[in-house]
Structure formats: C-alpha cells, structure tokens
Amino acid sequence: MLIGTWNINSIKMRKDHVERFLQDKSIDLLALQETKVKTEEFPGFNFKKLGYEIYHQGGKGRNGVAILSRIKAERIIKGFEGLEEEENFPDVKERIVGIKINLENIDELWVFSVYIPNGNPVNSEYYFYKLQFLWKFREFLEKNFTKESLLIIMGDFNVAPEEIDVYEPEILKESICFTERERKSFFAFLEFGLIDTLRMKYPNKKGIFTWWDYQFSAFKKNQGMRLDHILITNPLKEKLKNIWVEKGPRGWEKPSDHAPVLAEFDL
DNA sequence: ATGACTGGAGTTTCCAGA
C-alpha cells in the first residue's frame, strides 16, 4: 500500500498537480493540508472519477485537511472529537481529520491528515496556541487510542524536529518551526508512542526537506526544512517498507511550497 | 545586475504562510 501526505497550498490552484501525482505514482491514500476551501466546496468530482473517496474538513480561504482514499472509510473523526475543551481550539475541525479503514489482513487501521498551526510570530499568542495544540492532540490520542493501536498520523506539523532537518540550524534557531520549545513539544507529542518514519529509516541523512520558501531561489539551493511527517505506532513498524520525499512536484509549474512525502507499507 | 514569493479576501492593499 502506497500512502502519502502533501500540503498543497490551495486545492483550487493545485487540483491538476494532485490529479497528476495520484496517477503518476498510483497512490492508494493521500492526506492533504491547506486546501483553503470550505468543507462542501472541495472540488472532488475529478478525484471520484479516478476512484478515490474524499474526506474533507475545510475553512473559507485557509486551513483545510483532506484524505483521498481508494479504500472506503468505516468511520470518520474530526478535530478533537469527544474531548472536553475542544471549543478552546476553534479551528481544530479544519486541522484534523481521521478515517478508520479495514484491509484484507488488518482491521481498524486509523489514518489522520493533520495541519498543526504555524504559530508565527515566535512568542505570540498564536505561538503558544501552537504549543498547546500539540499537547491537546496527544491528549486526544490518549483518550481514543493506545500505543498498540494501528495509527498513521501524517501531515504538516510545522516543526523541524532536529538540526539535520533544516538547512542552516545556526541561522534558523530563533525562527518559527525550529525554536527549542516547538521541537520539545513535537518530541513530547511523539512520546504518546509514535515513530518518525523518515528518521527511523534514515537516522543521519542530511538535506532531506519537505518545504522550501518561494523566495530566494530556496528550492534550487535546497535551503529547506523538514516539516511534513509520517508518524506510525509500533505495530506498524515492521510493515513499513520505505519512506521518501518526492521532490518532483516542487519543481512543476506554479508549485506548492511543500513537496509530498510517500511511504510504502506491506499491507 | 550576484537577482523579482504566493494565495485569498475583496477592492487596492493587506494578511498569512514558514
């Protein structure tokens, strides 16, 4: 099974890219972020034609998460569903969507598409909202699952966890997505029982990024950050065959500023 | 020359993204 995650920075602008990518790679399930359309306004017709079910939660002009899946969902979960204090996170339903699917050899696999708040500027109210959001997300997982559940949680976390995940740690150390507090919050989130698949496979490999600034010819110079992650629980560890960043679409005409991340599972 | 950002809202310019 081939799955992936991609922050597309507007589905209206990137519809053709997504279609092309799904077909080129023959993807079974793709998580999208920043669709930037209302829930009911997702342009789903073409994806349905290609054989995908669409599970989308959006907001007008911003945020928005979706899952395009060849396998039909048994259940859908949105935001911090069932959690008290969900109202303290008013945009969470535009940031988290999950589906439960059953496969031939596996029951109850949960897959999530998530878009963690950006948090800029550092130390602003929004920055602390981001940190709290990560903490609350872990609480949400603890309420609904255990570390033995079959979970794939993927999306744009807006955190580069380690120094090797940014092009120049010295320059970026006080910048959004790479501050000490964000990185600590990310690792605290992982402590629920999640594995960062890319680092599991390539613990020391440098220069692997998923986002490059539109400015400064950043992509050409490979000056990026690794902000998009595919996280899994322990029972899925042996099922993971490979994980990689598809840089191709970042070089297409009028690209998203993120590249997709793909993972192949023995499922 | 050492090098030009993008999308959305909404109305001409601002905000958010990372």
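Each chain gets a letter, A, B and so on, in the order its sequence line appears, and its residues count up from 1.
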Could you give the CD-to-P distance, from A/Glu41 to B/dG8, as a whole number of Å?
12 Å

Using the C1' atoms only, state how far B/dG7 lies from B/dA18, rounded to an integer number of Å.
14 Å

Let me have a per-nucleotide readout for nucleotides 13-18 of chain B, 5' to 3', with B, S or -, counting only protein heavy atoms under 4.0 Å.
----BB

Inter-nucleotide C1' distance (B/dT11, B/dC15), Å rounded:
15 Å

Please determine if a side-chain N or O atom of A/Arg14 lies less than 4.0 Å away from the OP1 or OP2 oxygen of B/dT6.
no

Say you pick atom C1' in B/dT6 and the same atom in B/dT2; how far apart are they, in whole Å?
24 Å

Whether the A/Thr210 and A/Asp228 side chains hold a donor-acceptor pair (N or O, under 3.5 Å, no angle test) is what I'd like checked.
yes

Whole angstrom is fine here: how far is it from CZ in A/Arg250 over to P in B/dC5?
13 Å

Which pairs pass side-chain hydrogen bond (donor to acceptor under 3.5 Å, both in side chains) with one or both residues in residues 12-24 of chain A, sequence neighbours excluded?
A/Glu19-A/Asn46

With sequence neighbours excluded, tell me which residues meet salt bridge (Lys or Arg N to Asp or Glu O under 4.0 Å) with A/Glu246.
A/Lys25

From NZ of A/Lys38 over to P of B/dG7, roughly how many Å is that when rounded to an integer?
21 Å

Other ILVMFWY residues reachable from A/Ile176 by side-chain steps of under 4.5 Å
A/Val122, A/Tyr127, A/Phe128, A/Leu131

Using whole Å, what does the distance between atom C1' of nucleotide B/dA4 and atom CZ of A/Phe216 come to?
11 Å

Residues that A/Phe219 engages under ring-ring contact (aromatic ring centres under 6.0 Å, His included), provided they are two or more places apart
A/Trp212

In whole Å, what is the span from the CD1 atom of A/Ile8 to the C1' atom of B/dG8?
14 Å

Taking only residues two or more places apart in sequence, or in another chain, which ones meet A/Tyr52 in a ring-ring contact (aromatic ring centres under 6.0 Å, His included)?
none

Starting from the 5' end of DNA chain B, give me the residue, A/Ser10 or A/Ser217, whose nearest nucleotide shows up first.
A/Ser217

